[in-house]
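Shown next, in structure tokens, is the structure this report addresses.
For ligands, and for the atoms within them, numbers begin at 1 and follow the listed sequence. Owing to the predicted nature of the structure, the values given are computational and were not obtained by experimental measurement. Note: hydrogens, waters and symmetry copies are ignored here, and every other heavy atom, side chains too, is used.
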Amino acid sequence: MKKVFVKTYGCQMNVYDSERMISAMEPSGYVETKSKEEADLILLNTCHIREKAAEKIYSELGRLKFLKEDNPDLKIGVAGCVAQAEGEEIMIRQPAVDLVVGPQSYHRLPSMVKTVTNGKRTLDTEFPEENKFDHLPKDLKRRNNPTAFLTVQEGCDKFCAFCVVPYTRGVEVSRSPEKIIEEARSLVDRGVVEITLLGQNVNAYSNNHSGENYTLSKLIWKLSDISNLQRIRFTTSHPNDMSQDLIDAHRDCEKLMPYLHLPVQSGSDHVLKKMNRKHTADDYRRIIDKLRKARPDLLLSGDFIVGFPGETDEDFLDTLRLIKDIEYGQSYSFKYSSRPGTPAANREEISEIVKKERLAELQTLLKEQQVRLQKKMIGREVNVLFEKPGRLAGQMVGKSEYLHAVHVTGDRIRSGDINKVRIITSETNSLSGRIE
Ligand code: 5AD
Ligand code: SF4
């Protein structure tokens, strides 16, 4: 038996891809290890979204190369979005790297590993004709986690001016509903009760199957027929693809959880235009209104970028205003980071100090909102899907419908249980409660 260690950076799709890479290696006699030191193959599944994310890879590779001194047979591979964007540069900058594989080619990993075992370095960052999903083993292992990710759509045709995704993940491709349903059934057979459908633009999902057009809402409805599947979520969405049928699904589909990650990036029309977002701040407000009409308790999450080239103080205030109007329960915010090859890459940048100040102000506001919405949960009853033991003895942690982490103490709770929990307290990033 050989051992493969995978370190995952970036988004949930990379988490999904890492699992698929491990199962792709299993027929070649590899099992997963959590220890780099005992690995025969180390794969870094990388993220290129911001400069810092990409730089981390080179420092990690700098550390990993020393493991080759103790284990000369160790092979090191770089996968994912940095591999796609700068594979050749990686090969040059870090001779310890044996193989580079892009996000669309990892079904070719076993043959690449054979090549490197024969002493040759290899790189594959093509967007191959054949579909990687058709080549990966289906007989996945039994899972010890009741939640799972399932990629339904990949790539992006939106071309936001700041974003590398259209270049690293390619054009929008939606998998066939048949394959998705089959994979969902197999996950449920292995104990999964909550599935999060993944796509870089998941709500742009569209696939013609047997003469019928499947949208994301239709797919969600079909999946909701799987009886032991209790919960469905999806991420990440673009405001312009938030169609009425999907909004209606939030009203009508019981298994679709009342949580939505809907990035807006900025609240200024001027900046949104420069970002090529193709919607205004008021368009976004209107979509949220519709969603809240359909599902009043929907918890919203967002992504924000501060310091985009050309962002003025007034633009930034517009973003704060939008955040105050919407009220987010969860959020992710970033300083703009110039990415090579993107339309905004050559624009004049805002000073680092201003970016830092704006980010701090924005994050203070977003944190206040998160705390306020968490405190509003106190006294309420939520349904918690328990996943794993908490830090304290006898404690279990799970997620509410609203994706809040909830801690409960109780000996009889098992991973995979869904229980009604009364919320008692709100901590920094989680809630605590008791089963009634
Ligand atoms: N700089 C900063 N943040 C970025 N994001 C994407 N590209 C950049 C960039 N160049 C953020 C966006 C996106 C999230 C995944 O990462 O907010 O929604
Ligand atoms: Fe990072 Fe985007 Fe690639 Fe995910 S798709 S790993 S967020 S660059």
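- Of the N or O atoms in Tyr336, none lie within a sub-3.5 Å distance of an N or O in ligand 1.
- Backbone and side-chain nitrogen or oxygen atoms of Gln265 are examined, and one is located within less than 3.5 angstrom of a nitrogen or oxygen of ligand 1.
- The backbone and the side chain of Ile49 each have at least one atom closer than 4.0 Å to an atom of ligand 1 (non-hydrogen atoms only).
- Those atoms of ligand 1 with a heavy atom of Lys335 less than 4.0 angstrom away are 1 (N), 2 (C).
- Annotation: Ser337 places an N or O atom under 3.5 Å from an N or O atom of ligand 1; distance criterion only.
- For ligand 1, the polar-atom distance check finds an N/O of Phe162 within less than 3.5 Å of one of the ligand's N/O atoms.
- Each of the following atoms of ligand 1 lies closer than 4.0 Å to a heavy atom of Arg50: 1 (N), 2 (C), 3 (N), 4 (C), 5 (N), 11 (C), 16 (O).
- Counted by atom type alone, Asp315 and Ser268 present one or more donor-acceptor pairs between their side chains at under 3.5 Å.
- A salt bridge does not link Arg285 to Asp283: none of the charged nitrogens lies less than 4.0 Å from a carboxylate oxygen.
- A salt bridge is absent between Lys399 and Glu194; no separation between the charged side-chain nitrogens and carboxylate oxygens falls under 4.0 Å.
- Pairing each heavy atom of Ile220 with each of Ile232, the nearest pair is O-CD1, 3.7 Å.
- Within ligand 1, the atoms closer than 4.0 Å to a non-hydrogen atom of Asp303 are 13 (C), 14 (C), 15 (C), 17 (O), 18 (O), numbered from 1 in the order shown.
- The shortest heavy-atom contact between Leu262 and His238 is CD1-C, 3.9 Å.
- Close approach of ligand 1 to Arg339 is summarised as follows: ligand atoms under 4.0 Å from at least one heavy atom of the residue are 10 (N).
- The aromatic rings of Phe308 and Tyr336 lie perpendicular to each other, with more than 60° between the two planes, well past the 30° mark.
- When each of Arg175, Lys132, Glu172 is paired with Glu154, the side chain to side chain contact (heavy atoms under 4.5 Å, CB included) condition holds for Lys132 and for no other.
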